[in-house]
Each structure stands twice: as structure tokens, then as C-alpha cells.
Amino acid sequence: MKKLVAVFAFISVLFSANAHEYYFAFGEVEYNGSTRKLEITLEMSAHDLESDMKRSGILLDKHIENQSQNPGFKKQLESHLSTGFSITADNSPVVLKLIGFDVLPTGLLYVYMESEPLELMKSLAFKFDLLMESFPNQQNKVTFIRNSHKQTAVFLPTKPTEIITL
């Protein structure tokens, strides 16, 4: 009888627990002076991005890790990411191109992007509200690197944009 109660208690706790209560995405944006391009890496949970894409009406027939050779999916991914992550340089939108992505065995997704060549003048404005509609506790962070100097910006649902002065 004690074993039955213990098993029932364990199952009750298991079903009442959340997989995770807090959500994070990280971005690293580095200005390459020789190519004059922004090189971007975004890191997030592949599962969370899949859920967010489905909520947005994008139907996935496979998990993200099985889509690396699918050019149609890459276009959808690039389009979806552009709604939640964008950069403006001196009031002009920066065009970002998806280069590729990797999903680690841990479930982390790394997305690699780059900009067209651009001259940096006074500031960069970032919008990074990716996943915030699907996950109200989402918090995002960008580290901007130029000439080995780092600046960090934090994004919350109440503050989805940030300006980094150069």
C-alpha cells in the first residue's frame, strides 16, 4: 500500500511540474571590419522555436534538426526570425541573410546570419522579441562586439527594443 501511495505521489508531482518556467534566447552580433558585415549567432531552444513557429501558422512536417537540407524551411525560418529579431543602423533596416543552423543534442538551436556590407555610424537599434508572444516569461540578450569591445543589451516583453551607441 505504501508503495502504491509513493508511486501515485511521484506521478502527481511529475504531471504538475513544468518543463521550464523561464525562457531565454541569446544573440551575439559581431562587426567584421574587413568584410563590413554583421555576423550574427542566435541561440535558443529548438523546441521553443518549433512551438512558436506552429503558433504563427507555420506547419512543420519534421523537427528543426531534420530540416537542414530543406531550402523551403530555411526561407520560412529566415522570415520567422525576421519578425522577432531585427537591426536598424542609423534609421535604415539592416537586411539579414540566414547562412545556416545547427541543433545540438541538448536541444539548443544555433542560427547563423549575416548582413549586407554596411558602414557603422552612430548607433544600432535592436528589436529582439523573438518567442515573447508564445512565452510571456521570455528574456533575450544580445552581445555586440566591435574591435574586441563588447556591449550588452537585455530585452524583456515590456522592453523589446534597445539602442547600442557606437
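The first residue of the sequence shown is numbered 1, and numbering continues consecutively from there. Excluded from the calculations below are hydrogen atoms, water molecules and symmetry mates; all remaining heavy atoms, backbone and side chain alike, are included.
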[Y] side chain reached by [X] side chain, heavy atoms, under 4.5 Å:
X      : Y      : result
Phe85  : Val29  : yes
Lys122 : Leu166 : no
Thr152 : Lys141 : yes

Distance-minimising heavy-atom pair for [X] and [Y]:
X      : Y      : value
Met44  : Val111 : CE-CG2, 4.4 Å
His63  : Glu50  : ND1-OE1, 3.0 Å
His80  : Leu49  : CD2-CD1, 3.8 Å
Phe128 : Leu42  : CZ-CD2, 4.1 Å
Tyr31  : Glu119 : OH-CA, 4.3 Å
Leu96  : Ser115 : CD2-CB, 4.0 Å

Would you give the length of the straight line joining atom [atom1] of [X] to atom [atom2] of [Y], rounded to the nearest 0.5 angstrom?
X      : Y      : atom1 : atom2 : result
Leu109 : Leu77  : CG    : CG    : 7.0 Å
Gln76  : Leu60  : CD    : CG    : 7.0 Å
Ser79  : Leu98  : OG    : CG    : 11.0 Å
Thr158 : Met132 : OG1   : CE    : 8.5 Å
Phe144 : Ile164 : CZ    : CD1   : 6.5 Å
Tyr110 : Phe101 : OH    : CZ    : 15.0 Å

Check whether any side-chain N or O of [X] sits under 3.5 Å from a backbone N or O of [Y] as a donor-acceptor pair, and report yes or no.
X      : Y      : answer
Asn147 : His149 : no
Ser86  : Ser82  : no
Ser45  : Asp48  : yes
Lys74  : Gly100 : no

Show, in sequence, the C-alpha distance, side-chain angles and deciding distance for Arg146 and Glu30, and conclude whether the salt bridge (charged side-chain N to carboxylate O under 4.0 Å, His left out) test is met.
CA-CA 6 Å; Arg146 179 180 182 200; Glu30 184 166 5; over 6 Å; no
Hey, what's the ring geometry for Phe135 with Tyr23, parallel, tilted or perpendicular (30° and 60° as the breaks)?
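Because their plane-to-plane angle is under 30°, the rings of Phe135 and Tyr23 count as parallel.
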Given salt bridge (charged side-chain N to carboxylate O under 4.0 Å, His left out), test Glu114 with Lys37 step by step and report yes or no.
CA-CA 7 Å; Glu114 71 178 3; Lys37 294 182 178 184; 3.4 Å; yes
Pick one: which of Val95, Leu118, Leu124, Val142 meets side-chain contact (heavy atoms from CB on, under 4.5 Å) with Ile87?
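Option passing the side-chain contact (heavy atoms from CB on, under 4.5 Å) with Ile87: Leu124.
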Are Gln139 and Asn137 close enough that a side-chain donor and a side-chain acceptor fall under 3.5 Å?
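No, Asn137 and Gln139 have no side-chain donor paired with an acceptor closer than 3.5 Å.
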Working note: Ser92 + Asp90, criterion side chain to side chain donor-acceptor pair (under 3.5 Å); need CA distance, chi angles, decisive distance, verdict.
CA-CA 6 Å; Ser92 297; Asp90 300 315; over 6 Å; no
Same hydrophobic cluster for Leu131 and Ile58, using side-chain heavy-atom links shorter than 4.5 Å among ILVMFWY?
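Yes, one cluster joins them.
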Should Tyr112 and Leu108 be regarded as members of a common hydrophobic cluster, given that ILVMFWY residues are connected when their side-chain heavy atoms come within less than 4.5 Å of each other, either directly or indirectly?
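Yes, it is one cluster - the side chains of Tyr112 and Leu108 are joined through contacts under 4.5 Å.
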Kindly determine whether Glu116 and Val94 satisfy side-chain contact (heavy atoms from CB on, under 4.5 Å), including the steps that lead there.
CA-CA 7 Å; Glu116 297 293 320; Val94 176; over 6 Å; no
Give a yes or no on whether a salt bridge exists between Asp129 and Lys127, defined as a side-chain N under 4.0 angstrom from a carboxylate O.
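Salt bridge flag = yes for Lys127 with Asp129.
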Side-chain ion pair, Glu78 and Lys97, N-O less than 4.0 Å:
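Salt bridge between Glu78 and Lys97, a charged N being under 4.0 Å from a carboxylate O: no.
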Checking Asn140 against Gln138 for the side chain to side chain donor-acceptor pair (under 3.5 Å) test, could you report, in this order, the C-alpha distance in whole Å, the side-chain angles of both residues, the deciding distance, and whether it holds?
CA-CA 7 Å; Asn140 298 334; Gln138 180 73 27; 2.5 Å; yes
Would you say Ile163 has more than 12 foreign heavy atoms packed within less than 6.0 Å of its CD1?
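Counting neighbours around CD1 of Ile163, 12 or fewer heavy atoms of other residues, nucleotides or ligands fall under 6.0 Å, so no.
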